[in-house]
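Working notes for the structure below.
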Amino acid sequence: AGLEQALLPGVSLDTTAFYKDLSRLVVQNPAFGADPVYQNEGRGRVYGLELLVRARFGDRFFGWIAYTYQRSLRTDHPGESERRFSFDQPHLLTALGIYKWNERWTFGARFRLVSGNPYTPVLDSVYDAASDTFVPIYGAVNSGRLAAFPPFEAVREVSGRGGRLGGRRNGRLGRRRWIDHERLHA
């Protein structure tokens, strides 16, 4: 379900709420070595809200800012507690702008800030002398989260006429740069 509203000339706001119920998700049989190996016992749900502000000022500038809050949760077997999906990213912020400098040059940039993915933490380990290895002791599935990461991208495009035949040519000169960060466990 969604709504769209004009805020100012050239500026609009879209809001969208969503919900999806999931059933019969494939999960591994909890009885080790039992047949069938996989079962359709999982259930889940995905829900959220997106806000999108779009702006167009004349023929030269277009841009938008979008924020999404979403959750994706699942239960693998009846009676188990709910947990995050492996790629659950609750916060997504995206800003994009495109400026047409003249008939030949266009510049654009995009910034995103995204929640880090969940992970299953290793709490401890036990030494197995028979295999001469350490066996991890895991925490709850997907109970940790990596730090947010903010990739940034800038692109410029050039177009014009050229060549002996006077044909149209287009080029994209892209430069992609990621902001340095450390992925610390949350």
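Heavy atoms only: backbone and side chains are in, while hydrogens, waters and symmetry mates are out. Residues: numbered from 1 along the sequence shown. All figures in this text were calculated on a predicted structure; none of them were measured in a lab.
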Steps toward side-chain contact (heavy atoms from CB on, under 4.5 Å) verdict (W64, D14): CA-CA 11 Å; W64 49 264; D14 293 350; over 6 Å; no
Flag, side chain of T120 to backbone of N142, donor-acceptor distance under 3.5 Å: yes
Exercise: identify the closest heavy-atom pair between F85 and L73: CE1-O, 3.2 Å
Closest non-hydrogen atom pair, P90 against R71: CB-CD, 3.7 Å
Derivation and outcome, side-chain contact (heavy atoms from CB on, under 4.5 Å), residues D76 and E41: CA-CA 7 Å; D76 289 338; E41 291 186 349; over 6 Å; no
same_hphob_cluster(V26, V37) at 4.5 Å side-chain heavy-atom cutoff: yes
Side chain to side chain donor-acceptor pair (under 3.5 Å) assessment of D88 paired with S72: CA-CA 6 Å; D88 176 60; S72 53; 3.1 Å; yes
Non-hydrogen atoms of Q39 and P30 that approach each other most closely: OE1-CD, 3.7 Å
Shared hydrophobic cluster, L93 / L96 (ILVMFWY, side-chain heavy atoms < 4.5 Å): no
Any donor-acceptor N/O pair, R83 side chain to A140 backbone, under 3.5 Å: no
Hydrophobic cluster membership, V11 vs L13, 4.5 Å side-chain cutoff: yes
From R54 atom CZ to I65 atom CD1, the distance as rounded to the nearest 0.5 Å: 13.0 Å
Co-members of Y138 in a cluster of I, L, V, M, F, W and Y side chains, linked at under 4.5 Å: V122
Whichever hydrophobic residues join F87 through chains of side-chain contacts under 4.5 Å: none
Aromatic plane relationship, Y69 with H91 - under 30° parallel, 30 to 60° tilted, over 60° perpendicular: tilted
Audit row: Y67, V53, side-chain contact (heavy atoms from CB on, under 4.5 Å) steps and yes/no: CA-CA 9 Å; Y67 172 74; V53 177; over 6 Å; no
Full working for side chain to side chain donor-acceptor pair (under 3.5 Å) between E50 and T68: CA-CA 4 Å; E50 180 179 70; T68 303; 3.2 Å; yes
CH2 on W101 to CZ on R60, rounded to 0.5 Å: 9.5 Å
Main-chain N/O of S86 paired to R74 side chain as donor or acceptor, under 3.5 Å: no
ILVMFWY cluster, F61 and L7 together (side-chain gap under 4.5 Å): yes
Cluster link L52 to F62, ILVMFWY, side chain under 4.5 Å: yes
Neighbour count >12 (heavy atoms, 6.0 Å) for atom CG, D59: no
Distance (rounded to the nearest 0.5 Å) between L123 CG and I137 CD1: 8.0 Å
Nearest heavy-atom neighbours spanning P121 and S143: CD-OG, 3.3 Å
Side-chain donor or acceptor of E82 paired with backbone N/O of T75 under 3.5 Å: no
Side-chain (R145) to main-chain (Y119) donor-acceptor, under 3.5 angstrom: no
Gap between atom OG1 of T15 and atom CG of L3 - 0.5 Å precision: 4.0 Å
Y127 OH: over 12 foreign heavy atoms closer than 6.0 Å: yes
Shortest non-hydrogen contact from L92 toward R112: CD2-NH2, 4.2 Å
Any donor-acceptor pair under 3.5 Å from H77 side chain to N29 backbone: no
Contact list for residues 15-27, test salt bridge (Lys or Arg N to Asp or Glu O under 4.0 Å), sequence neighbours left out: D21-R43
